[in-house]
Amino acid sequence: MVKRNEPLVTHIYTADPSAHVFEGKLYIYPSHDLDHEKESNDNGDQYDMEDYHVLSMEDADAPCVDHGEALHVRDVPWAKQQLWAPDAAFKNDTYYLFFPARDGQDVFRIGVATSQSPSGPFKPEPDYIPGSFSIDPAVLVDDDDQAYMYFGGLWGGQLEKWQTGEFLQDADGPAPSEPALGPRVARLTDDMLTFADAPKEILILDENGEPLLAGDEARRYFEGPWVHKHGGLYYLSYSTGSTHRIVYATSVDPEGPFQYRGVILTPVIGWTTHHSIVRFKERWYLFYHDSSLSGGADNKRCVKFTELLYNEDGTIRTIDPYDN
Ligand code: FUB
């Protein structure tokens with residue numbers, strides 16, 4: 001087990017790590033938390049990030065390199081503020097950075113920027129992806145080269161406001177006894193710049209084949225989706241938000257339905273928890289964040305990683321981030 005529970009970098013605050021193997025190295029695409037004081041609220045106003053830095057590591061025990069600013073909100077024509085959790089993908093000999101931000105109407109949308117290098121700088125498209133909304137894009141390029149974007153987050157991420165397909169400012173989430181809201185999935189067009197079809201809601205089922213309920217806060221979807229493949233199954237993992245866990249569900253179909261399977265990561269220091277899972281040199285790793293570097297400030301987080309292990313039956317062993 002290498003580098004467990006240590007911040008990857010300490011000269012800046014980082015969060016929401018999306019890890020990929022590009023050009024034989026580990027590349028990490030985190031949010032860049034700013035060292036400023038903001039009022040904390042359920043709207044997420046304290047997460048007032050302005051740019052992205054790309055990190056990389058030659059190996060799991062090598063130093064982590066900060067490649068500097070890869071994209072700034074001032075260079076994104078449609079975006080007003082709050083660059084939240086990004087992801088990256090490689091296709092068409094091009095690196096794509098997918099990122100959420102609030103537009104001029106304060107509505108979260110998802111944009112894309114491109115580069116010839118995994119470390120950027122990235123050039124943003126002039127407008128957000130048509131039909132995109134909410135936060136936390138995660139892109140899987142499947143073995144047949146079809147790319148899927150998974151996205152969506154409750155509360156500050158505004159997913160509740162899109163239940164009718166239109167943005168309704170005052171919409172609340174479902175009652176506790178009703179099915180929970182699921183993340184959305186959309187196939188991307190071959191050029192990776194638009195949705196091939198309208199986003200669909202992903203169903204997450206319990207052990208009886210019933211949808212998880214909105215009141216089931218220990219298991220229901222909140223934000224931060226990530227999909228990886230292992231043993232012929234698609235693993236959808238996500239944050240439960242108010243109960244601060246990373247959990248997972250599996251399916252034979254990238255668009256679901258998924259069945260709930262268990263807990264990957266127990267709560268970390270700080271309110272948010274956000275992760276990614278990547279295979280690198282025959283081992284699996286969980287990248288995550290906590291607020292330990294700032295002594296617990298919710299909006300000043302640090303990215304860490306640890307090895308992730310499967311059981312024989314394909315279930316994932318639960319990780320306690322402070323069990324060294
Ligand atoms: O970093 C801002 C937001 O906090 C992310 O988009 C969420 O997933 C949560 O980590």
Side-chain angles (χ1 to χ4, degrees), residues 8 12-19 28-36 38-53 55 71 73 79-88 97-103 106-111 128 132-139 149-161 181-184 220-227 236-248 264-265 267-277 286-294 296-305 321:
L8 277 192
I12 54 172
Y13 291 115
T14 55
D16 308 326
S18 291
I28 302 110
Y29 299 83
S31 300
H32 174 197
D33 286 349
L34 294 177
D35 188 5
H36 61 193
K38 286 263 170 175
E39 187 206 343
S40 276
N41 56 34
D42 289 350
N43 205 31
D45 292 342
Q46 64 275 32
Y47 303 108
D48 193 16
M49 297 87 98
E50 295 177 357
D51 68 359
Y52 295 115
H53 285 221
L55 309 177
L71 181 71
V73 69
K80 180 173 135 197
Q81 60 185 20
Q82 288 177 296
L83 293 186
W84 284 14
D87 191 19
L97 183 73
F98 297 94
F99 59 95
R102 287 183 190 256
D103 70 9
D106 271 333
V107 176
F108 268 110
R109 304 286 187 171
I110 296 171
Y128 57 78
S132 69
F133 55 90
S134 197
I135 59 166
D136 291 359
V139 171
M149 181 188 288
Y150 301 85
F151 63 94
L154 302 182
W155 298 11
Q158 303 178 336
L159 190 58
E160 298 94 331
K161 304 183 188 309
L181 294 179
R184 302 302 199 263
R220 66 92 175 81
Y221 179 78
F222 189 88
E223 65 184 0
W226 185 262
V227 174
L236 165 68
S237 40
Y238 55 90
S239 163
T240 60
S242 51
T243 49
H244 316 288
R245 298 159 155 198
I246 299 292
V247 300
Y248 73 107
I264 296 178
L265 183 69
V268 295
I269 296 166
W271 201 95
T272 64
T273 185
H274 190 120
H275 78 300
S276 63
I277 294 169
L286 175 79
F287 281 75
Y288 64 100
H289 71 225
D290 72 10
S291 294
S292 58
L293 184 62
S294 62
D298 287 339
N299 63 328
K300 296 178 198 176
R301 300 162 289 179
C302 60
V303 167
K304 301 177 170 184
F305 76 98

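All heavy atoms count here, side chains included; hydrogens, waters and symmetry mates do not. Order of appearance sets the numbers: ligands from 1, and atoms from 1 within every ligand. Keep in mind it's a predicted model, so treat the numbers as computed, not measured.
Checking Ile277, Val268, Ile264 one by one against Ile246, the side chain to side chain contact (heavy atoms under 4.5 Å, CB included) holds for a single residue, Ile264. Checked against Lys300 for a salt bridge (charged side-chain N to carboxylate O under 4.0 Å, His left out), the options Asp33, Asp290, Asp35, Asp48 give a single hit: Asp35.
Not a single N or O atom of Tyr47, backbone or side chain, sits closer than 3.5 Å to an N or O atom of ligand 1. By the 3.5 Å distance cut-off applied to N or O atoms, Asp33 is not counted among the residues near ligand 1. Checked by distance only, ligand 1 and Thr273 stay at 3.5 Å or farther apart across all their nitrogen or oxygen atoms. Checking only distances, His289 never comes within under 3.5 Å of ligand 1, N or O to N or O.
Atom 1 (O) of ligand 1 has its nearest heavy-atom neighbour, among Asp48, Asp16, Thr14, in Asp16.
Proximity of Ala85 to ligand 1, defined as any heavy-atom pair under 4.0 Å, is shared by backbone and side chain alike.
In terms of protein heavy-atom proximity, atom 4 (O) of ligand 1 is closest to Arg301 NH1, 3.3 Å. Scanning all protein heavy atoms for the shortest distance to atom 9 (C) of ligand 1 gives Glu223 OE2, 3.3 Å. Nearest non-hydrogen protein atom to atom 6 (O) of ligand 1 is Asp136 OD1, 2.5 Å. Counting only heavy atoms of the protein, atom 3 (C) of ligand 1 lies nearest to Trp84 CE3, 3.8 Å.
Remark: aromatic rings of Tyr288 and Trp226 are distant, center separation not under 6.0 Å.
A donor-acceptor pair under 3.5 Å is formed between the side chain of Tyr221 and the backbone N or O of Gly152. Of the possible donor and acceptor atoms, one in the side chain of Ser276 sits under 3.5 Å from a partner among the backbone N and O of Pro17. For Gln82 (side chain) and Tyr47 (main-chain N/O), a donor-acceptor pair under 3.5 Å exists by modelled atom type.
Near Met49, meaning under 4.0 Å from one of its heavy atoms, ligand 1 places the atoms 1 (O), 2 (C). Shown in contact with His274 at under 4.0 Å from a heavy atom are these atoms of ligand 1, numbered in order with element: 7 (C), 8 (O), 10 (O).
Taking the salt bridge (charged side-chain N to carboxylate O under 4.0 Å, His left out) definition, one finds that Asp298 meets it with nothing, sequence neighbours left out.
With hydrogens and angles left out, the side-chain atoms of Thr272 and Arg301 include a donor and acceptor closer than 3.5 Å.
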